[in-house]
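Before we start, here is the structure in question, set down as structure tokens.
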Amino acid sequence: MEESPVVQLYGFWPSPYVYRVIWALKLKGIEYEYIEENLPTKSPSLLQYNPVHKKVPVLVHGGKPVAESMVILEYIEETWPDQRNPLLPSDPYERATARFWIDFGQRKRLAVFAFFRSSEEDKEKTAAQVLEALKIIEDRALGDKKFFGGNRIGLVDLSFGWLAHWFGAMQETVGVQVLEPNNLPRLHRWTMDFKQEPVIKENLPDSKALLAHFKRLRERFTLTKEI
């Protein structure tokens with residue numbers, strides 16, 4: 001039997017986009033080699049495999065690179081369409097709906113980034129904008145389901161996975177709580193259920209290290225504004 005091509009993943013430990021790919025690979029049972037990047041001094045391999053954006057994650061399969069986390073997730077689903085653990089529904093309409101909410105979440109990243117970078121004067125305003133987007137996700141995308149696709153984790157859950165772990169560190173760093181049980185009870189419950197799934201629980205960055213990372217980033221943003 002011919003040996004399967006080697007799968008490599010170039011990543012950076014605090015990145016939620018890298019973890020999307022890790023979770024997908026784990027859910028599919030795909031063996032891979034993880035290569036940690038030091039982003040301030042990017043390796044020649046990373047620059048070779050992603051010369052356009054020069055960032056992680058990058059999946060290399062059989063020597064061919066695939067960049068951008070959601071593109072990688074689609075590639076994983078199409079390359080290993082394991083019916084025991086599909087990441088997208090088989091029905092075309094449901095697949096389109098899943099992709100719609102993935103796109104919606106991608107578009108709302110700017111609001112979250114603005115919240116994280118906001119000044120003391122603006123943080124309540126930016127928090128309200130994030131809350132508005134999260135309410136739409138809770139009401140329209142999640143509804144009363146355990147996960148976005150029903151009873152099992154799918155591509156939409158992986159795309160929103162940053163809410164379950166990274167957003168808590170962001171909120172603590174900024175000093176404003178948005179995703180709370182009293183504000184978003186169903187979405188908050190989803191974050192708890194998501195993190196309890198073994199594949200997710202066993203593959204999350206250390207909370208204290210992540211919080212320290214976000215505090216350093218926010219301090220850097222503050223210094224940049226003052227210059």
Side-chain angles (χ1 to χ4, degrees), residues 2-82 87-88 99 102-103 105-110 112-114 116-117 153 155-167 169-170 173 199-224:
E2 185 179 350
E3 187 176 349
S4 299
V6 174
V7 176
Q8 295 175 311
L9 174 61
Y10 287 78
F12 180 50
W13 73 268
S15 170
Y17 309 120
V18 171
Y19 276 87
R20 288 174 174 174
V21 181
I22 291 174
W23 297 330
L25 292 169
K26 294 284 186 180
L27 285 167
K28 292 286 188 179
I30 301 164
E31 294 186 6
Y32 66 98
E33 177 190 3
Y34 178 77
I35 301 166
E36 177 73 9
E37 281 289 329
N38 181 4
L39 292 188
T41 56
K42 300 168 184 178
S43 73
S45 294
L46 177 62
L47 297 176
Q48 174 192 346
Y49 285 132
N50 191 2
V52 177
H53 295 302
K54 302 178 177 65
K55 62 183 182 180
V56 295
V58 176
L59 185 81
V60 182
H61 180 213
K64 297 178 180 179
V66 184
E68 296 297 304
S69 64
M70 292 313 306
V71 175
I72 295 172
L73 262 59
E74 292 264 7
Y75 176 84
I76 290 172
E77 175 68 359
E78 292 177 0
T79 305
W80 295 279
D82 183 357
L87 298 178
L88 280 171
R99 290 186 171 110
I102 290 169
D103 180 71
Q106 295 288 91
R107 292 174 184 272
K108 294 302 178 182
R109 286 185 303 172
L110 291 177
V112 177
F113 190 55
F116 181 65
R117 295 192 61 166
I153 287 178
L155 219 63
V156 182
D157 299 277
L158 300 186
S159 73
F160 285 122
W162 61 273
L163 284 171
H165 194 65
W166 285 259
F167 193 54
M170 289 183 181
T173 302
V199 164
I200 308 302
K201 187 176 182 179
E202 295 164 9
N203 295 280
L204 288 171
D206 179 77
S207 297
K208 291 182 179 179
L210 189 63
L211 178 60
H213 172 73
F214 277 127
K215 286 183 176 179
R216 288 193 298 270
L217 281 181
R218 186 162 166 81
E219 288 173 3
R220 192 181 307 164
F221 293 146
T222 302
L223 288 173
T224 302

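Only a predicted model underlies this, so the values are computations on that prediction, with no experimental measurement involved.
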>> Taking CD in Glu31 as the centre, count heavy atoms belonging to other residues, nucleotides or ligands within less than 6.0 Å. Is the count above 12?
In response: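 Not more than 12 within 6.0 Å, no.
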
>> Distance check, rounded to the nearest 0.5 Å: Leu158 atom CG versus Leu27 atom CG?
In response: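 Answer rounded to 0.5 Å: 6.0 Å.
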
>> For a quick check under 3.5 Å, do His165 and Tyr19 share a side-chain donor-acceptor pair by atom type?
In response: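 Distance-only check fails for His165 and Tyr19.
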
> So does Arg107 pair up with Asp103, basic N to acidic O under 4.0 Å?
Replying inline: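 Yes.
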
>> Can a donor-acceptor pair be found, under 3.5 Å and without considering hydrogens, that links the side chain of Glu36 to the backbone of Trp13?
In response: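 Yes, Glu36 side chain to Trp13 backbone: donor-acceptor pair under 3.5 Å.
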
>> If you apply the rule side chain to side chain donor-acceptor pair (under 3.5 Å), what do you find for Arg218 with Thr173, and how did you get there?
In response: CA-CA 8 Å; Arg218 186 162 166 81; Thr173 302; over 6 Å; no

>> With a 3.5 Å distance limit and no angle check, can you tell me whether Trp166 reaches the backbone of Pro14 through a side-chain donor-acceptor pair?
In response: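 Side chain of Trp166 to backbone of Pro14, a donor-acceptor pair under 3.5 Å: yes, one is there.
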
> So Tyr75 and His61, would you call those rings parallel, tilted or perpendicular, with 30° and 60° as cut-offs?
Replying inline: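 Taking His61 first and then Tyr75, their aromatic rings stand perpendicular (interplane angle over 60°).
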
>> For Arg99 and Glu74: C-alpha separation, side-chain torsions, deciding distance, then whether salt bridge (Lys or Arg N to Asp or Glu O under 4.0 Å) applies.
In response: CA-CA 10 Å; Arg99 290 186 171 110; Glu74 292 264 7; 2.9 Å; yes

> Quick check: does any side chain N or O of Glu37 sit under 3.5 Å from a backbone N or O of Val56, one acting as donor and the other as acceptor?
Replying inline: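 Looks like no, no N/O pair under 3.5 Å.
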
> Between Gln106 and Ser159, is a side chain to side chain donor-acceptor pair (under 3.5 Å) present by the stated rule, with each step listed?
Replying inline: CA-CA 8 Å; Gln106 295 288 91; Ser159 73; over 6 Å; no

> Charged N to carboxylate O under 4.0 angstrom, Glu77 versus Lys28?
Replying inline: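 So Glu77 pairs with Lys28 through a salt bridge.
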
>> So, taking the atom named CD1 in Ile35 and the one named CG in Leu46, what distance separates them when rounded to the nearest 0.5 Å?
In response: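 Taking CD1 in Ile35 and CG in Leu46, the distance rounds to 10.0 Å.
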
> About how many Å separate CE of Met70 and CD1 of Ile102, when rounded to the nearest 0.5 Å?
Replying inline: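 These two atoms lie 4.0 Å from each other.
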
> Is there a donor-acceptor pair under 3.5 Å between the side chain of Lys108 and the backbone N or O of Gly105?
Replying inline: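 It does not hold such a pair.
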
>> Quick check on Lys42: does its NZ atom have over 12 non-hydrogen neighbours (other residues, nucleotides or ligands) under 6.0 Å away?
In response: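 Atom NZ in Lys42 is packed in, count exceeds 12.
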
